[in-house]
Every structure is written in C-alpha cells, then in structure tokens.
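Data block below; observations after.
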Amino acid sequence: MEKREKLYEGKAKIVYAANEPGFIIQYFKDDATAFNALKRGTIVGKGVVNNRMSAVLFTMLAKKGVPTHFVETLSDREMLCRRLDIIKIETIARNVVAGSLAKRTGLPEGTAIRQPVLELYYKSDPLGDPMINEEHVRMLKLATPREVAWIKRMALKINGLLRPYLRRKGLLLVDFKLEFGRHAGRLWLGDEISPDTCRLWDADTNEKLDKDRFRRDLGGVEEAYQEVYRRVVGPA
Ligand code: C5P
C-alpha cells in the first residue's frame, strides 16, 4: 500500500490517503503540543514510540473483539488504517484522579477511583475541546444515542482489557482518551493509544511515564517514552 495525497495534518500526526479507497496511512510526528497548542515542542523518537505502541495495543484489542481501524504497520512511523468518518467526540476513561479531573473536583491527584469514570468532550480545536454530556451530543448531532451507548460500552471494555495488560508491564493506566469513527456501516476505534493519549505511571513508584512530563516541564521526556516502549513493545 502506498501514500497518496495528504488529507489532514494534525498536531502529532499526518493522515494520507492510501492507494486503495477506504484506507489511510497515519504518519506519526515527533511534534508535541499541549494546552490546545499554546505549548509546542519536539519529543525526539516519539513518533516511533506512538506508532509501534499503538500497533501492539490495537492488535491486542482486536484479538479480544474490539474493532479497530489498525490494519498493519508499514514502517517505524507509519501504519495502514481503515478510513473512518471520525465522530467529533473524545471519550476519556479514568481509573485514578489526575489532570483536569483533579482540578474539577479538588480531589488530590492519585486518588483511586472505585468504578471507572467516563467523560465526553467535544472534539473542537477552536473551542478547546470542552466537556459535554449526552444531551449536548444529541443537540449537536455528533452521534446517535445508540452510537453513544456503544461508545461508552466499548470504552469500558477497552479499559478492562488495557488496564491489566499494562499492569503486567509494570504500568498503571491512570486515564486515557479514545476516538471512534464510522466505516462500512459500523463503528471502529481510531486514532492512537500512546503516552500522548494515556497517563501511565510506574506501577511501583507512581513515576509519570507519559506526556505530562512535557506538559509540566518535568524533564526526562524522551527517556519516559523510551521506557514505555521497552515495556510495551520490547527492547528497541
Ligand atoms: O487533561 P485531562 O486530565 O482531561 O486528560 C485526560 C486524559 O486524556 C489524559 O490521558 C490525556 O493525555 C488525554 N487527552 C488526550 N487528548 C486531549 C485531552 C486529553 O489525549 N485532547
């Protein structure tokens, strides 16, 4: 499969049409942004980590019955995917209080959550991805009630698969973001699953091994991405 025209360039990825209709190629960049692109930088090697790690996790999820857009890895930075009509909802699943949930609730970061918390956000760069509820989804016609029900069920299923899988690699899955889209008359998991889109803490020390190191200027950003790569993908 070959790259054709550029369809879209995002903050961390470029999406190209593939030479067969119904497929796209995701190219993973080293560019990093945070706070709705107010903060910009580069994390050397991030594109390779995110591409390879997403491939491993999409493959594991597919084996367990999660429909994903991933088809195959093409290179260190490229994966072939089904072309989705992306639903403009970001679904976040949380197992431990962190980030915006700590701010919103006043609970200290690191507080365990007994039952996973799901949140929906409106995927809109100009608006800065505000949190929305199912009434807003209906009002904005982002997805049907049936689609939202499926997305919520699938997000919980994915959390139930990813959490123990990553725990066996010594990683605590604190929270993560998912995107879904339509293709061939059904819904699929899209985008990526990586230290850009997940909070991952060392299971023993709670050391942050994800994009928060970049967002919060904690240093050791590249090293954290490489450590996650070693644990999830294997020795480089
Ligand atoms: O910032 P917040 O605490 O709401 O983020 C929750 C989770 O969703 C984090 O793992 C973060 O990396 C991810 N996220 C994302 N893309 C966004 C917003 C959040 O990947 N636009």
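Note that ligands are numbered from 1 as they come in the structure, with each ligand's atoms numbered from 1 the same way.
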Six-ring centre of Trp188, Arg186 cation under 6.0 angstrom, axis tolerance 45°: yes

Basic-acidic side-chain contact under 4.0 Å: Lys208, Glu109: yes

Show every donor-acceptor pair shorter than 3.5 Å between a side-chain atom in residues 51-63 and any protein atom, with sequence neighbours excluded, or say none if there are none.
residue : atom : partner : partner atom : Å
Asn51   : ND2  : Ser75   : O            : 2.8
Asn51   : ND2  : Asp76   : O            : 2.8
Arg52   : NE   : Asp76   : OD1          : 3.1
Arg52   : NH2  : Asp76   : OD1          : 2.8
Ser54   : OG   : Asn50   : O            : 2.7
Ser54   : OG   : Ile193  : N            : 3.0
Ser54   : OG   : Ile193  : O            : 3.2
Thr59   : OG1  : Ala55   : O            : 2.6

Heavy-atom neighbours of Lys29 NZ exceed 12 at 6.0 Å: yes

Test salt bridge (Lys or Arg N to Asp or Glu O under 4.0 Å) applied to Lys3 - qualifying residues, sequence neighbours left out: Glu78

Per-ligand residue contacts, ligand 1, heavy-atom threshold under 4.0 Å: Glu90, Ile92, Arg94, Ala98, Gly99, Ser100, Tyr121, Asp129, Asp175, Phe176, Lys177, Asp196, Thr197, Cys198, Arg199, Arg215

Connected-component partners of Leu38 among ILVMFWY, side-chain separation under 4.5 Å: Phe35

